[in-house]
Amino acid sequence: MERTWRWFGKNDKITLAMLKQIGVEGIVTALHDVPLGQVWTREKIRDLREYIESYGMRWSVVESLPVVETIKYGGPDRDEQIEVYKESLRNLSAEGIHTICYNFMPVLDWARTDLLHDNPNGTSNLYFSYAEFAYFDIYILKREGAREEWARFKMPAELPSAADRDVLAEAEALRATMTPEKEHQLVENIIIKTQGFVSGNFSENDEAPIQKFRDFLELYKGIDKAQLRENMRYFLSAIMPTCEEYDMNMCVHPDDPPIEILGLPRIVRTYDDIQWMLKAVDNPHNGLTFCAGSLSAGAYNNVVEMAREFAPRTHFVHLRSCHIFPNGDFTEASHLGGRADIIELCRIFEQTNPALPMRVDHGMTMLGDETRGYNAGYSFLGRMFALGQVQGILATVDRELGIEYVQPGFFE
């Protein structure tokens with residue numbers, strides 16, 4: 001697979017010169033300075049593409065061309081925003097960029113409660129605690145109906161050791177140890193530090209992020225799973241003629257985590273969800289970003305079997321893995337561990353399409369990464385370590401399959 005790296009533009013503390021040295025072939029990025037809902041112009045796309053190419057790499061994948069909320073909930077300006085989206089697709093195609101990673105998650109792009117959770121070896125990883133998330137939902141966000149929903153919440157049947165877990169009771173117990181500083185950290189972790197650099201809905205300059213969050217949730221009142229599915233089908237059906245004409249591959253990112261949260265429907269989290277999405281708009285340009293990390297956070301997901309089934313419609317791969325604790329909480333695991341079985345995934349995708357762009361996605365925070373101001377989950381040394389692991393896996397798998405493996409930057 002093509003070794004790619006998510007890079008956040010010219011202001012990223014991780015430079016393209018650094019990435020060239022560690023074997024990165026393709027860049028995954030976006031026009032982060034363009035406000036939501038505005039057309040990406042050819043001029044701005046070309047400027048960034050040429051900058052990337054000046055370092056001997058290519059702009060492989062757009063992650064992401066955001067699908068604005070009005071398209072997701074079916075607002076009155078939905079059709080207008082779809083036309084904006086189609087114009088951006090045309091401009092990207094004209095500049096030779098043909099793969100778009102996007103998501104259809106309402107409000108939240110991805111969710112973690114701890115961004116620097118300690119590992120036994122002294123590194124840290126992203127972590128999700130159900131109890132802390134429930135506390136945020138009930139006592140900080142104060143969402144209507146949240147307490148009742150968490151009272152009914154049950155862990156997946158695939159986690160028998162957590163069958164009797166009472167998340168609501170745990171969230172209430174947290175009140176005894178919660179401080180204003182800890183509450184502020186939860187807000188930072190769930191809203192600001194994980195959303196601002198990804199979705200554009202929030203930023204570190206927001207004076208009232210909780211109220212802004214509530215306002216976004218209000219837009220989805222009355223939107224259930226069936227309606228959100230229909231809105232996704234409407235969007236994909238509308239853009240597919242443009243995708244066919246301009247050879248644009250749309251690849252949806254699974255919900256992260258793959259659970260229903262905050263009373264919002266989540267429609268790309270299981271085998272059945274992905275199968276529905278691919279059949280609802282049965283076009284080869286309508287495909288999947290196979291994020292092994294997101295999918296492996298769901299105990300009900302057999303990640304390897306899903307890869308075998310959906311590999312023909314996969315246009316982009318995120319290689320990472322999650323470990324689920326007996327109580328259901330999860331953390332991001334080593335790229336050689338966790339539930340995802342990245343070695344087998346490499347075999348599957350190399351056999352299907354060895355030219356697929358792949359990035360290692362998140363990585364550990366290690367050896368001072370935490371002091372350098374990187375975006376949450378997007379360390380340099382931790383991701384470089386993961387990329388080294390994956391490059392070793394790919395070299396071994398390619399030898400098994402009789403595929404020539406070439407290390408970028410060397411004379412072979």
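We use all heavy atoms of the structure for the numbers below, so side chains are in, but hydrogens, waters and symmetry mates are not.
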### Between CD1 on residue I100 and CD1 on residue I97, distance to nearest 0.5 Å
8.0 Å

### Task
Could you tell me whether a side-chain N or O of H335 sits under 3.5 Å from a main-chain N or O of V390, the two making a donor and an acceptor?
no

### Query
Relative to each other, are the rings of F213 and F136 parallel, tilted or perpendicular (30° and 60° limits)?
perpendicular

### Message
Has S93 got a side-chain atom pairing as donor or acceptor with R90's backbone, closer than 3.5 angstrom?
### Response
no

### Message
Looking at K154 and D166, is any side-chain nitrogen of the basic one under 4.0 Å from a carboxylate oxygen of the acidic one?
### Response
no

### Task
Mark yes or no for whether T289, through its side chain, and C251, through its backbone, hold a donor-acceptor pair below 3.5 Å.
yes

### Task
Check for a donor-acceptor pair, side chain of R359 on one end and backbone N or O of F316 on the other, with a separation under 3.5 Å.
no

### Closest heavy-atom pair and its distance - P257, F128
CG-CE1, 4.2 Å

#### Entry: E158, CD atom: more than 12 neighbouring heavy atoms under 6.0 Å
yes

## Note on the structure
The side chain to side chain donor-acceptor pair (under 3.5 Å) partner of R112 among N125, D256, N189, T331 is D256

#### Entry: Any donor-acceptor N/O pair, S379 side chain to M364 backbone, under 3.5 Å
yes

### Message
Between the side chains of R347 and D398, is the shortest nitrogen-to-carboxylate-oxygen separation below 4.0 Å, so that they form an ion pair?
### Response
no

### Task
Verify the distance criterion only: is there a donor paired with an acceptor across the side chains of N231 and Q227 at less than 3.5 Å?
yes

#### Entry: Exercise: identify the closest heavy-atom pair between M240 and V281
CG-CG1, 3.5 Å

### Query
Side chains of R383 and Y374: do they bring a donor and an acceptor to under 3.5 Å?
no

### Message
So that I can tick it off, tell me whether R58 and E25 are bridged by a salt bridge, with the cut-off set at under 4.0 angstrom between side-chain N and carboxylate O.
### Response
no

### Query
For the residue pair G287 and M277, what are the closest heavy atoms and their distance?
O-CE, 3.8 Å

### Message
Counting only heavy atoms from other residues, nucleotides and ligands, does the tally under 6.0 Å from NZ of K10 exceed 12?
### Response
yes

### Message
In terms of relative ring orientation, are Y139 and Y135 parallel, tilted or perpendicular, with 30° and 60° separating the classes?
### Response
tilted

### Query
Does R308 pair with E344 as a salt bridge, N-O distance under 4.0 Å?
yes

### Query
For the side chain of R49 and the backbone of E95, is there at least one donor-acceptor N/O pair under 3.5 Å apart?
yes

### Query
Where the side chain of N119 meets the backbone of N121, is there a donor-acceptor pair that is under 3.5 Å apart?
no

## Note on the structure
Here the pair of heavy atoms bringing H253 nearest to C101 is CB-SG, 4.2 Å

### Message
So for atom CZ, which belongs to F385, do other residues, nucleotides or ligands contribute more than 12 heavy atoms lying within a distance under 6.0 Å?
### Response
no

### Task
For residues C243 and L89, report the shortest heavy-atom separation together with the two atoms involved.
SG-CD1, 4.1 Å

#### Entry: K225, NZ atom: more than 12 neighbouring heavy atoms under 6.0 Å
yes

### Task
Keeping the roles fixed (side chain from T29, backbone from W7), state whether a donor-acceptor pair exists under 3.5 Å.
yes

#### Entry: Minimal non-hydrogen separation, Y130 against V167, with atom names
O-CG1, 3.7 Å

### Straight-line distance of K72 NZ to Y220 OH, nearest 0.5 Å
5.5 Å

### Task
Check the pair H362 / W110 against ring-ring contact (aromatic ring centres under 6.0 Å, His included), numbers first and verdict last.
CA-CA 12 Å; H362 304 154; W110 55 283; 5.1 Å; yes

### Query
Do you see a donor-acceptor pair shorter than 3.5 Å between the side chains of N249 and H98?
no

### Query
Rounded to the nearest 0.5 Å, how far does CE of M1 lie from CD1 of I393?
9.0 Å

### Message
Salt bridge or not between D33 and K44? Use side-chain N to carboxylate O under 4.0 Å.
### Response
yes

### Query
Do R78 and Q81 have side-chain N/O donor and acceptor atoms under 3.5 Å apart?
no

### Message
Looking at R339 and V303, would you say the former's side chain and the latter's main chain have a donor-acceptor pair under 3.5 Å?
### Response
no

### Query
Aromatic rings Y378 and F8: how do their planes relate, parallel, tilted or perpendicular, breaks at 30° and 60°?
perpendicular

